Colleague: 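I'd like to ask you about the structure that follows.
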Protein chains: 2
Amino acid sequence: MSRKDNSVNIENSKRGYHHGDLRVALVQAGLEMLKTRSADEVSLREIARMVGVSATAVYRHFPDKAALLGALCDEGGRELARLQVEAMKKSGGGRPGFDAVGRAYVRFALDNPTLFRMMMTTRPAVDFLDIQPDRDNSALQLLRENIAALVPAGASQEQRRIAALQAWSIVHGLAMLMLDNQVPVDEAVIDAVIDSAATGVATSR
Amino acid sequence: MSRKDNSVNIENSKRGYHHGDLRVALVQAGLEMLKTRSADEVSLREIARMVGVSATAVYRHFPDKAALLGALCDEGGRELARLQVEAMKKSGGGRPGFDAVGRAYVRFALDNPTLFRMMMTTRPAVDFLDIQPDRDNSALQLLRENIAALVPAGASQEQRRIAALQAWSIVHGLAMLMLDNQVPVDEAVIDAVIDSAATGVATSR
DNA sequence: TCGGCAATGTTTACAGCGATAACATGTCTC
DNA sequence: GAGACATGTTATCGCTGTAAACATTGCCGA
């Protein structure tokens, strides 16, 4: 019997009827799958198969496929934030911190192409630029403060917002262009572009 | 009989067995469809239905779905180039031309979200930045010359490339962030970011 | 003028997909 | 121990992309 239906071969599995922690297993399998496949090749059924569970079992933990993918995006968001905070701390903040965070952003995108694209397309807008402190997200808070610190003291609120958006645009645009093979990946080029982005923010006009 | 199969009701159609120019009809219908649907909602069968032809007829003109979508991307690329050249000519070139082209780029992305995303993800890399004159693409040629003209005279080849890439990154990043609802769409913000991008190129460090 | 061939349609069929409904099994609580 | 509830399963539906076989048409050479 091939896999035309939702069935799963219980004989071959050493687990019992219940999985234990299916939700996290599905998320892990999903993230694994994103590493080697493009977005439209990611199927709910295959993720379920990887975990060794019937396709419909997924619906006990997620209302639909989009929700499962959303959970993958959340995980990616946390990881990206973690990497950025780490990069900033290692570099000691300030302008070197800004550069390091930018590089971490581009690197994450290049290392996780499908996931990164999904995060951007489907996430409900992180609102990096919203200056007012929101919720508990200390990672983003740190980033905002970092950008704000780079902007010259006399700058208006509006100038700060534009400068921050420009910095984000450069890094994001560079990441996307390289991700989409519009521009060849080149570490030196990444460094050069990010460096001049930082200069742009620091002298924000 | 509902539409569970590939069939098409010949009675209701006033055309004969042959369509006339199915290829362009499919491309037009496809572009129409992209206006109202997201990428994963675009189905080959529905495009065929719009044209009033069986799903498999598509395969007489395109090897597979990807090829059909590729044709849509080509069409989008031509339109984008046309808009950019038009914008540049209207503005008289130089730095105003640079700004106008950037705005046209962002506007096209915002006006054609699905198509633009598809163009970037699936197109074989336009290589805007490759300075050597390639093929016959006069539109891109014009853009390259325009960017090159903005860069200070003393700049090296490498500096020019970095400056051009940075400009493209800013515009592309801004377009993608707004497209993905990470940043609210705001004409004034677009102008401000593009303007400082131009300044960045003109003073390229 | 006609006969056949290449181009371009059609129907039929299949496997994979996301999703719903009905059913099965295990766990936890009283 | 009983039964409620969570979490599995199979069966089935309608949709998708695509291959194979068949049908119709227009065109080109005898």
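Just so we're clear, the structure is a prediction, and the values are computed from it rather than from any experiment.
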Colleague: Give a yes or no on whether a donor-acceptor pair under 3.5 Å exists between the nucleobase atoms of dT8(C), that is its base, and the side chain of Arg23(B).
Modeller: no
Colleague: I need the minimum non-hydrogen distance between Ile194(A) and Val171(A), along with the two atoms involved.
Modeller: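 Smallest heavy-atom distance, with atoms named: CG1-CG2, 4.5 Å.
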Colleague: Between Glu46(B) (CD) and dT16(D) (C1'), how many Å, whole number?
Modeller: 11 Å
Colleague: Can you measure Ile47(A) atom CD1 to dG16(C) atom P for me and round it to whole angstrom units?
Modeller: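 To the nearest whole Å, that distance equals 17 Å.
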Colleague: Given dT16(D), is OP1 or OP2 found less than 4.0 Å from the side-chain N or O atoms of Ser43(B)?
Modeller: yes
Colleague: Grab the CG-C1' distance between Asp21(B) and dA7(C) for me, whole Å please.
Modeller: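 From Asp21(B) CG to dA7(C) C1': 13 Å.
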Colleague: Do any N or O atoms from the side chain of Glu41(A) and from the backbone of Ser38(A) form a donor-acceptor pair under 3.5 angstrom?
Modeller: yes
Colleague: Let's see if you can work this out: which of dT10(D), dT10(C), dG9(C) has an atom nearest to the side-chain heavy atoms of Thr56(A)?
Modeller: dT10(D)
Colleague: Looking at OG of Ser91(A) and CD of Glu86(A), how far apart are the two atoms once the value is rounded to the nearest 0.5 Å?
Modeller: 10.5 Å
Colleague: Kindly point out which of dA19(C), dG9(C), dA13(C) is positioned nearest to the side chain of Leu44(A)?
Modeller: dA19(C)
Colleague: Are Arg49(A) and dC17(C) close enough that a side-chain N or O sits under 4.0 Å from OP1 or OP2?
Modeller: yes
Colleague: Return the value, rounded to whole Å, for the distance between atom CG of Leu22(B) and atom P of dG26(D).
Modeller: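 Atom CG in Leu22(B) sits about 15 Å away from atom P in dG26(D).
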Colleague: Please list, by residue number, the residues of residues 58-66 of chain B whose heavy atoms come closer than 4.0 Å to an atom of DNA chain C; answer none if no residue qualifies.
Modeller: Arg60(B), His61(B)
Colleague: With rounding to the nearest 0.5 Å, note down the distance linking CG in Leu34(A) to CD in Glu75(A).
Modeller: 11.5 Å
Colleague: Name the closest nucleotide to the Val53(A) side chain, picking from dG17(D), dG8(D), dC17(C).
Modeller: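 Nucleotide nearest to Val53(A)'s side chain: dG8(D).
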Colleague: Could you go through Met119(B) and Phe108(B), starting from their C-alpha distance and side-chain angles, then the distance that decides it, and tell me whether this counts as side chain to side chain contact (heavy atoms under 4.5 Å, CB included)?
Modeller: CA-CA 12 Å; Met119(B) 285 167 55; Phe108(B) 179 86; 3.7 Å; yes
Colleague: Using atom CZ of Arg37(A) as one end and atom P of dG16(C) as the other, report the distance to the nearest whole Å.
Modeller: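 Whole-Å distance recorded here is 13 Å.
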Colleague: Decide yes or no for Arg117(B) and Met176(B): does some side-chain heavy atom of the first lie under 4.5 Å from some side-chain heavy atom of the second?
Modeller: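 When only atoms from C-beta onward are counted, Met176(B) and Arg117(B) do touch, with a gap below 4.5 Å.
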Colleague: Within this structure, what is the CZ-to-C1' distance between Arg45(A) and dC13(D), rounded to whole angstrom?
Modeller: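 After rounding, the gap between these two atoms is 11 Å.
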Colleague: So Phe116(A) and His172(A), would you call those rings parallel, tilted or perpendicular, with 30° and 60° as cut-offs?
Modeller: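 Rings of Phe116(A) and His172(A): tilted, 30 to 60°.
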Colleague: Could you state the CE-P distance from Met33(A) to dC17(C), rounded to the nearest angstrom?
Modeller: 8 Å
